[in-house]
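Numbering of ligands and ligand atoms starts at 1, following listing order. Starting from 1, each residue takes its place in the sequence as its number.
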Amino acid sequence: MHNLPDLTLNQYSLVYNFLSLTIAAMLAGFVFFVLARQSLAERYRFSMVVSALVVGIAGYHYFRIFNNWHDSYHLVGGLGGNYVATEVPFNDLYRYVDWFLTVPLLMVELVHVMKVERGVRGSLMTKLVIAAALMIALGYPGQNTDSNAVRALWGTLSTLPFVYLLYVLWTEVGKTMAVEPPQVAVLLRNLRLLTLATWGFYPIAYMAPFFGLKGAGSEVFTQVGYSIADITAKVGYGVMIFAIAKYKSGNVEAEDEAARRNVAGSSVAGSPVRSA
Ligand SMILES: *C/C=C(C)/C=C/C=C(C)/C=C/C1=C(C)CCCC1(C)C
């Protein structure tokens, strides 16, 4: 919960319309991922189930945020007047609960379409999911404080798993790019850049009070910024995961063949009879 500043008609409407647009984008994403699932090879379909879950959870929360925004303000003085806070508090926990659930799921989506060995997959997923959940949980206590020192403390703690996560993501995706066909490598590279660019926005918005952004400007910047970042990091990201899964679906036979050759190759190399 935090105190809402007075807004002009335009400021209020900008946020209102962006929250509304985000609900539409999440719903559209949901329909797309459910339908897109059919066009993938069996083994990649799960990535679309997770994508649909992510935008489903986010769409629900945006619906709640939208209604909350509507109830937390009322227009005083007609069209020439201002939007002034009502007695209904604005609940920031919707966003954090949403991120707490969706950010780990975004990691699951990614690892699912990456070429990693069976034994590595589980531990990679665990590392990324735990780091993602820690990052969000540690950020929350600093979100609604008026003290810049408290905000900086929790912001810094949350940044530790954030940096770790980006590091693991960057190196592991890099390793996969080296063993994937060039088309998939390009898609993975773009996905990595999209993740870096969109995820980087959240800590910047969090730190807005440090850049002197206060009151109405800060509120509008944060709400609109989070909406754009969420659409890109969830719907846009899911569409890119789909593109990767789609390409790989056309290649499952070649992939299996390569895997068989690898297994056969390693047993030949390890055989004392052959090497003698
Ligand atoms: C769909 C939602 C996404 C991708 C949310 C991502 C959120 C972050 C990367 C948040 C990071 C934060 C920090 C690194 C420090 C300050 C606190 C947070 C939680 C805003």
* Structure fact -> Within the 4.0 Å heavy-atom cut-off, what Trp199 brings close to ligand 1 is both
* Could you list which atoms of ligand 1 come closer than 4.0 Å to a heavy atom of Asp230? => 1 (C), 2 (C)
* Contact atoms of ligand 1, heavy-atom distance to Phe162 under 4.0 Å -> 9 (C), 14 (C)
* Quick one: which residue pairs count as a ring pair (Phe, Tyr, Trp, His ring centres under 6.0 Å) with a foot in residues 18-41, not counting sequence neighbours? => Phe32-Phe242
* From the options Ala58, Ser158, Ala132, select the one whose nearest heavy atom is closest to atom 13 (C) of ligand 1. => Ser158
* Under 3.5 Å: donor-acceptor pair, side chain of Ser249, backbone of Ala41 -> yes
* Answer yes if the ring centres of Tyr226 and Tyr96 are under 6.0 angstrom apart, and no otherwise. => no
* Structure fact -> So the ring pair (Phe, Tyr, Trp, His ring centres under 6.0 Å) pairs with at least one residue in residues 146-199 (sequence neighbours excluded) are none
* Asked: Heavy-atom count around Arg64 CZ within 6.0 Å, excluding the residue itself: above 12?
  -> no
* Just jot down the ligand 1 atoms closer than 4.0 angstrom to any heavy atom of Gly155, in number order. => 15 (C)
* **Nearest neighbour in protein (non-hydrogen) for atom 1 (C) of ligand 1** => Lys234 NZ, 1.5 Å
* Structure fact -> Nearest non-hydrogen contact to atom 8 (C) of ligand 1 from the set Tyr202, Trp154, Tyr206, Tyr237 belongs to Tyr202
